[in-house]
Each structure stands twice: as C-alpha cells, then as structure tokens.
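If you read the sequence from its start, that first residue is 1, and numbering goes on from there. Side-chain atoms are counted along with the backbone in the values below, which use heavy atoms only and exclude waters and symmetry mates.
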Amino acid sequence: PREIFPYLSKKLRVPQARIYSVATFYENFSLNPKGKFVIKVCDGTACHVRKSIPILDRLRSELALSDKKVTTDDLGFTVETVSCLGACGLAPVLTVNDKVYPAMTPDKASELVAALKEELTAIRDKYGDERRTEIQDVEDELDIEDLIEEEECVFTLSQAGYLKRTPASAYRAQKRGGKGVSAQTLKEEDCVETVFTASTHDYILFFTNKGRVHRKKGYQIPEAGRTAKGTNIVNILPVEAGEKVTAMIHLREYAEDRFLVMVTRNGTVKRIQLSAINTVRKAGIRCITLDEGDELICVRETDGKQAILIATHDGMSISFLETDVRCMGRDAGGVRGIKLREGDYVVGAARAKHGHQVLMVTENGYGKRTDMDEYIRADGPQKRGGYGLKGYQITEKTGPLVGVKVVNDDDDVLVINDAGVIIRMVCADINCYSRGAQGVKLMNLDEGVKVISIARTDHEEEAEEAPAGDGAEAETSEEKGE
C-alpha cells in the first residue's frame with residue numbers, strides 16, 4: 001500500500017518515486033491487495049465478439065463484485081479484465097493464476113467459481129487453526145544495516161584525499177621473502193597517509209582542518225579493488241573548498257570513558273568526551289571553534305590518562321597530561337596547549353608512550369629519534385601552556401621541523417618531499433640523539449627541494465625476491481596509534 005512508502009523510503013534510503021516505479025512496473029507487485037485466485041477475463045476483439053462480457057457479469061454476480069470492487073472481502077478472489085491474453089483461437093478465454101481456461105461460457109464460469117470455493121474451504125478446514133504468532137505494529141525493528149554482511153576491511157586514505165575500502169581477505173598472509181602486493185595505485189606525488197582495518201558496521205569519523213567531524217558507516221565507504229586508487233573524499237563527504245581530512249578514527253560505539261584530544265596549528269588544545277560528537281547529521285557537526293587563521297591539524301583518541309606531545313615548526317616541544325585540559329562542549333574553542341613565539345606554529349602532535357621514541361624530521365631532510373623519557377621525565381611531564389623544551393636544534397643546515405611521530409623499532413617511516421619523491425626507511429636505522437641534537441641526514445634533496453611531511457607505517461621487511469609461486473601477498477594489520 002502507498003501508506004508504507006515513507007517507511008520503506010526511510011529504511012532503504014531511496015526516494016519514494018523509485019519505490020513507486022518498482023511497485024507499478026512488475027506484474028507480481030500491486031498497490032492494492034489481491035485475492036488468492038486472480039481471474040483475468042480477456043476482452044480482446046475475438047473474445048468480445050464471442051460474448052466475454054456475459055462471462056464477466058456472471059463472475060461478478062457470483063462473487064458480489066463490480067467494476068469498482070474487484071477483490072472479495074475475504075481476499076479469496078480478484079476479477080480483472082485484460083485487453084488480450086494472446087489466445088484468440090480459444091476465445092472466449094480467461095485465466096486463473098495464469099492457468100488458461102478456453103471456450104468459456106457463463107455456466108462454465110459459475111462451475112469454475114464453485115470448484116475454486118471448494119478448494120478454499122478445504123484449505124480453511126486443514127489450516128484454519130488460530131494464529132500462533134502475534135502481529136505487532138513495531139517501528140525501527142529492521143534496519144538496512146541488518147541486511148549488510150559484516151566483514152573486516154582495510155580502509156585507506158591517501159595524502160591527496162583518495163579513500164577506499166577493500167575486504168581484508170584481499171590481502172593474504174605471505175611467507176617470509178615475498179615481495180608483497182601493491183595496496184593502491186596512486187600518482188607519483190601521492191602516498192598512503194592513513195590505513196587501518198575495521199568492520200563494515202563500525203563508525204568511521206572524519207575530522208577536517210575546518211574543525212568539523214563527519215560520520216560514515218564502514219559499508220558506506222565505496223569498495224574498491226586492492227590496486228584501485230579509490231574515490232576522492234569530496235565525492236563521499238560534503239566538504240567545502242579548501243577543506244581536507246586531517247584525521248580518521250574508527251569505533252564500534254561511543255563509549256562514555258573514551259575521549260578525543262584535538263590540537264590546532266596555533267597551539268590550542270581541546271579535550272572532548274567521545275560521546276559528545278555522536279550525531280547522525282549528514283552535513284557533519286562542529287567539534288571545535290577555531291580562531292581566524294587557525295586550523296585543526298591532529299586528533300587523537302585517548303582513555304583519559306594519556307600524555308600528549310606537541311612539536312612546533314621552530315623545534316620546540318611540550319608534553320603534558322591530558323587531564324591538564326578539562327573536558328569541554330562541542331562548540332568550545334579549547335585552551336592553550338603551547339605558547340608560541342612569533343612566526344612559530346604547531347606541526348604535529350601524538351600520544352606520548354613510555355618505551356617509544358619521538359621521531360622528528362626537518363625541511364632539509366635531517367631527522368633523529370629521541371627517547372621518550374627525555375619528554376616524560378622522572379618527576380612527570382610538564383604543564384600545558386608554556387613554551388616547552390627544545391626538541392630539535394634548528395639550524396640553517398637542518399631547516400625547520402616539518403613533522404613528529406611517536407615510533408618504535410618495529411615501525412617504518414615515509415618521508416615525502418615537494419618534488420613528489422618518497423623514501424621509506426626502518427625507524428630502527430635512525431640514530432637516537434638527545435633533544436638538543438641536530439640529527440642525521442635521512443633524505444638527500446636536490447637544490448630547492450624541501451621535505452613536506454612524514455608518515456608512520458607498519459614495518460615492511462626488505463627481503464630477497466621470493467621464488468615463483470611463493471605467496472605474493474602481504475598481510476595487513478591494524479594501524480598503531482601514535
């Protein structure tokens with residue numbers, strides 16, 4: 001019935017016009033209820049000449065029907081006329097549930113109805129016990145998600161904004177010595193920035209540099225092949241010109257004991273309860289109010305007991321407990337996380353972890369690792385709002401800082417320059433130095449070329465070429481959060 005169109009449109013997430021077109025196009029569908037026996041009387045030229053109208057009148061008389069009432073009250077019979085059944089040689093003809101009855105007369109029609117009524121009576125006597133199930137009018141009992149198979153997928157976002165979802169089964173584990181497989185076909189100057197595994201029923205949160213958060217279910221991200229480039233984010237999310245995704249977080253539910261720590265380019269820090277951004281708005285919601293000229297650069301999910309590390313363009317760094325930042329509402333602008341000198345700005349933030357190292361890389365290709373204990377001291381980390389400590393000895397040779405990551409020996413790092421060249425190296429091969437050191441050369445650059453960003457990724461062994469037939473596909477693992 002038409003009354004259910006709004007409900008179906010909401011649940012299936014399709015326009016009502018599309019539902020109407022399907023319901024009226026296929027013969028087996030009808031907008032009005034029909035009886036168990038659907039009798040179609042042909043009124044084509046041959047049948048009409050051979051007196052099909054008296055047959056129709058007899059049927060209507062036997063079943064107490066008319067040209068306006070075509071179905072009996074007990075839904076036993078429906079009587080319709082059709083222009084032609086394509087059986088002119090058998091005229092006058094009618095069908096009952098598509099079974100053809102040729103050379104009909106009014107008396108034969110009466111006999112046929114009597115036989116069908118006896119059949120209905122036999123069915124009633126055999127199956128006419130009282131209903132054992134209870135029919136209830138319940139809304140929101142079935143959701144479109146219930147019809148979608150849950151599976152683990154690999155979600156990949158490139159630096160240029162190309163996003164895709166690939167079933168985890170596409171990445172088989174390989175034996176040691178394999179060459180791996182290509183995970184995404186990208187332009188030379190593009191690279192994978194974020195990769196993690198999540199369920200098709202998980203929520204994926206997208207945070208943009210304009211301080212907005214968008215939410216999608218995993219199955220709403222377009223699926224693509226293992227080597228496909230993916231879909232540009234502007235075709236998935238309603239982002240504005242100049243707006244880009246700076247962080248992605250996946251979760252199954254909005255736990256009350258989980259938090260988000262946000263850091264902006266101008267050194268502002270905000271902590272918000274994860275459940276505060278639970279929304280179904282397609283246009284997304286604002287998660288932080290930014291000052292003019294500021295932008296959101298980093299978001300980290302925490303358990304409420306983490307230490308946060310912030311690094312700046314001029315090599316300063318500060319580490320403080322997230323509890324130094326009180327929880328705020330969605331529209332709040334945050335508090336000062338680090339005080340910046342003129343011309344300085346934040347380039348990155350991470351969760352400070354004992355037993356890990358802080359990796360910093362500069363514009364001229366220099367970098368170093370520093371033990372985390374130099375930031376989280378024996379007497380505890382610093383308080384927020386200060387200038388912090390010197391995290392890198394910035395000189396004309398090294399150039400300013402471009403990125404910071406928290407890593408360990410099991411990680412790899414990608415270093416990307418503005419000429420589109422990427423180098424991948426094992427973090428364990430990068431020397432550890434004190435906070436005030438200049439580091440070592442990580443990437444040789446041509447004149448005028450600068451490093452623009454770094455990315456942490458899972459370790460990929462540099463093994464000898466695998467023999468033919470030795471698995472050619474690499475395993476995937478969930479992204480480790482910094």
Side-chain angles (χ1 to χ4, degrees), residues 1-9 11-12 14-137 141-142 144 146-147:
R2 293 175 182 269
E3 292 75 20
I4 204 173
F5 280 15
Y7 175 82
L8 291 175
S9 177
K11 288 298 179 182
L12 299 177
V14 297
Q16 291 189 38
R18 184 175 178 186
I19 297 174
Y20 177 83
S21 66
V22 172
T24 55
F25 180 80
Y26 293 99
E27 184 181 3
N28 289 335
F29 293 160
S30 173
L31 297 180
N32 299 309
K34 291 189 176 184
K36 177 175 177 59
F37 296 112
V38 179
I39 303 174
K40 296 181 180 180
V41 180
C42 180
D43 195 31
T45 302
C47 291
H48 187 83
V49 169
R50 297 182 184 182
K51 304 187 182 304
S52 63
I53 296 301
I55 298 172
L56 176 63
D57 292 340
R58 179 68 66 88
L59 289 172
R60 288 174 174 172
S61 176
E62 294 277 350
L63 298 171
L65 298 176
S66 65
D67 57 343
K68 293 183 179 179
K69 181 183 179 182
V70 297
T71 300
T72 57
D73 295 333
D74 62 357
L75 296 180
F77 295 88
T78 295
V79 177
E80 300 175 340
T81 59
V82 293
S83 298
C84 185
L85 288 173
C88 298
L90 304 177
V93 65
L94 63 78
T95 63
V96 179
N97 294 350
D98 296 330
K99 182 179 179 180
V100 178
Y101 290 84
M104 293 298 293
T105 65
D107 290 340
K108 286 184 178 180
S110 296
E111 293 173 2
L112 177 61
V113 169
L116 294 176
K117 284 182 177 180
E118 288 183 8
E119 185 176 337
L120 284 177
T121 302
I123 294 173
R124 182 197 64 193
D125 294 342
K126 185 176 182 179
Y127 302 105
D129 56 335
E130 293 186 4
R131 177 178 290 277
R132 300 178 184 179
T133 57
E134 182 180 357
I135 299 177
Q136 296 180 336
D137 186 13
E141 190 173 57
L142 180 65
I144 187 65
D146 299 329
L147 308 177

Check the pair Met104, Val41 against side chain to side chain contact (heavy atoms under 4.5 Å, CB included), reporting the backbone distance first and the verdict last. CA-CA 10 Å; Met104 293 298 293; Val41 180; over 6 Å; no
Answer whether the closest heavy-atom distance between the side chains of Leu63 and Lys117 falls below 4.5 Å. yes
Compile the donor-acceptor pairs under 3.5 Å between side chains in residues 46-61 and protein atoms, sequence neighbours left out, one pair per line.
unit_1, atom_1, unit_2, atom_2, d
His48, ND1, Asp43, OD1, 2.9
Arg50, NH1, Ala91, O, 3.3
Ser52, OG, Cys42, O, 3.4
Ser52, OG, Asp43, OD1, 3.1
Ser52, OG, Cys47, O, 3.4
Arg58, NH1, Pro106, O, 3.4
Arg58, NH1, Asp107, OD1, 3.2
Arg58, NH1, Ser110, OG, 3.0

Indicate yes or no: at least one non-hydrogen side-chain atom of Phe37 is less than 4.5 angstrom from one of Leu120. yes
Which side-chain hydrogen bond (donor to acceptor under 3.5 Å, both in side chains) pairs, counting each pair once, include a residue from residues 83-103, with sequence neighbours left out? none
Judged by atom type as modelled, is there a donor-acceptor pair below 3.5 Å linking the side chain of Ser30 to the main-chain atoms of Pro33? no
Is the shortest heavy-atom distance from the side chain of Leu85 to the side chain of Leu90 under 4.5 Å? no
When every non-hydrogen atom of Lys34 is compared with those of Leu75, the smallest separation belongs to O-CD2, 4.3 Å
Spatial distance of atom OG1 (Thr81) from atom NZ (Lys40) [nearest 0.5 Å]: 10.5 Å
Could you pull out the closest heavy-atom pair between Phe5 and Leu31, with the gap in Å? CZ-CD2, 3.7 Å
With distance as the sole test, does Thr24 use its side chain to make a donor-acceptor pair with the main-chain N or O of Tyr20 at under 3.5 Å? yes
Given Thr78, which of Thr72, Asn32, Thr71 fulfils the side chain to side chain donor-acceptor pair (under 3.5 Å) condition? Thr71
